[in-house]
Number of protein chains: 2
Amino acid sequence: MATVVSLEGKRKAPSLEPLLALCAEDMVRVDREILVRMRSPVALIPELATHLVGAGGKRMRPLLTVAAARLCGYPGDDDRHVKLATCVEFIHSATLLHDDVVDVSALRRGKPSANSLWGDKASVLVGDFLFTRSFELMVEVGSLDVLGVLSRASSTIAEGEVLQLVTQRDISTPEATYLEVIKGKTARLFAAAAEVGAMIAGRNGAERVALESFGMNLGIAFQLVDDALDYAGREAKLGKSVGDDFREGKLTLPVILAFLRGGAVDRAFWKRTIEKLEQRGGDLEQAQALIERTNALTDTLERARHYGAMARDALGLFRDSPLKSAMLEAVDFAIDRAH
Amino acid sequence: MATVVSLEGKRKAPSLEPLLALCAEDMVRVDREILVRMRSPVALIPELATHLVGAGGKRMRPLLTVAAARLCGYPGDDDRHVKLATCVEFIHSATLLHDDVVDVSALRRGKPSANSLWGDKASVLVGDFLFTRSFELMVEVGSLDVLGVLSRASSTIAEGEVLQLVTQRDISTPEATYLEVIKGKTARLFAAAAEVGAMIAGRNGAERVALESFGMNLGIAFQLVDDALDYAGREAKLGKSVGDDFREGKLTLPVILAFLRGGAVDRAFWKRTIEKLEQRGGDLEQAQALIERTNALTDTLERARHYGAMARDALGLFRDSPLKSAMLEAVDFAIDRAH
């Protein structure tokens, strides 16, 4: 697998571009399918959905489905991979809409969130619409095994969201519990997205297991980096503003580690700001300083690298190809966004 | 088909009891399945779900699935009818949770609503959980045709909810549009509940069409009576308090008809109270008086009887049996609740 080296001999920053380029044709079809499936005689639905889904984002999840299918030799002569990729993006979008309502978020990817533009009610209901539309798409693909994987993943996501709602203010949540939360809310869908790609290619043995593991570990790594970026001190490349998680009192790994490693004064700070959500000017900077001092940010990224390594290894059984290299580079990209 | 006649020769009020009695064994299994499927390591999920789902209600929708399956000769030697009945109740419950958030309802069936006890966030997310769990149940039943019917129904419900959100304050909504709204939000699930009963019994021809039509028309009748009861002047037998729809500015058929039939002064009243939601003391009584004077309540019930009659006729192709009689009586019950 080639490591891209620039003319200066310096390692080029890993990018999602090679994977996007290799899957470009499929992703154009996915974009088209997304637009078609958002149609409704109820005009508010495509309006609101287009604002969120139409506006891009990296489409990591559908990209995973398409890439996994192709890596398994799926010929793409029908549109099952396109439908499943669309389905996965709709599940993701539905949870984003509901999350923003639950978190009272004003911004999403640097733009006003749907709930801030159309209100909570519309966001809840259009989220429901996207959820149910995603199930219609799955059903059309016509495989009960695929349906089993995606419906269980959706159910786990929903369970994970409730778990997060319950635990978000408990500063003494152990790291293991937190890992379960992010598996539920992020990684499970990454895993399912990749797994169903293998399934429609008819690779139900080791390849399916490998791609599920690839997705799961990539998803965990992705989320941990996301958590880290929220305290990373500069406006992130995610369209997410620094300090969002902190202001919402969200418990993430940097905070968990900083709390565990801090003394009594630090712990009192975290209890006040995260558990009681009593925040004042300068608290975010103080939080960043504590996280820095306890190496919590460095170690969160270290954890992310661990899961990234597992994702990379999961692809070991596939023979080398430009697509495989691009998927490996996508893992590096997910982690190196932080730098 | 026997009409129940009391000893005095006076027609006994129609009741749901005969149908409940004939389906009692199946419904015990449905109750058990509901409890099992609400389980989650996240304690808030069964807590909140039990409050809503566990506390009963009439379970009209699962009853329809079980009754339709049995009417079609389904032997009940496996648990597919139980799973589908549970699935249908979960879809319904999920939409109730989200509706109460969207409508800011404090009461549901005369008890504090889940959102008033646990907050909007928990209701949205546990609703998502029930939605996704319902899809898992469908998938377990293992029929792609059944999945198609239920996933399309769910999608229509979600679309209907958005349509209602958009139209709820438009006092000049035509009756036809309103009918589409209640088909989407209520009748479609009744229809699907009955239709899948026929499908698992292997009756995919005329019986399936007949039961779908039975469910659809019963659902429309049921919703119209519900709408009427909100203005019926006494606390209804539904655990719904009189005037809820009015206070929320919900557009229902009694209001649509009263607006259409009223003069300029009446119309100004409806515009102020429903469209602008500017209400003051005595407005509910005034609304009831206008609805009474324009025969809007009587005619809403007349419309309900029309759909009830279509539901009854839909069962014409089934041979007489105690179960068929009980299903016909259930239609009468749905309508006569209003008296």
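Lettering follows sequence order; numbering is per chain, from 1. Note that the structure is a prediction, hence the values are computed from the model and not measured.
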Note to self: With side chain to side chain contact (heavy atoms under 4.5 Å, CB included) as the criterion, how do A:His98 and B:Asp128 come out once you've worked through the C-alpha distance, each side chain's angles and the decisive distance to 0.1 Å?
What the structure shows: CA-CA 9 Å; A:His98 288 183; B:Asp128 288 352; 2.6 Å; yes
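- Counting all heavy atoms, side chain and backbone alike, A:Val162 lies closest to B:Val42 at CG1-CG1, 3.7 Å.
- Contact between B:Ile45 and A:Glu159 at its shortest, heavy atoms only, is CD1-CG, 3.6 Å.
- Closest approach of B:Ala158 and A:Thr132 over heavy atoms only: CB-OG1, 3.7 Å.
- For the atom pair B:Ile157 CD1 and A:Phe129 CZ, the distance stands at 13.0 Å (nearest 0.5 Å).
- Contact between B:Glu161 and A:Leu125 at its shortest, heavy atoms only, is O-CD1, 3.5 Å.
- Between A:Val139 and B:Ser151, the shortest heavy-atom contact is CG2-OG, 3.6 Å.
- Relative ring orientation between A:Phe135 and B:Phe135 is described as parallel, the plane-to-plane angle staying below 30° on a 0-90° scale split at 30° and 60°.
- For the residue pair B:Glu136 and A:Ser155, the shortest heavy atom distance occurs at OE1-OG, 2.9 Å.
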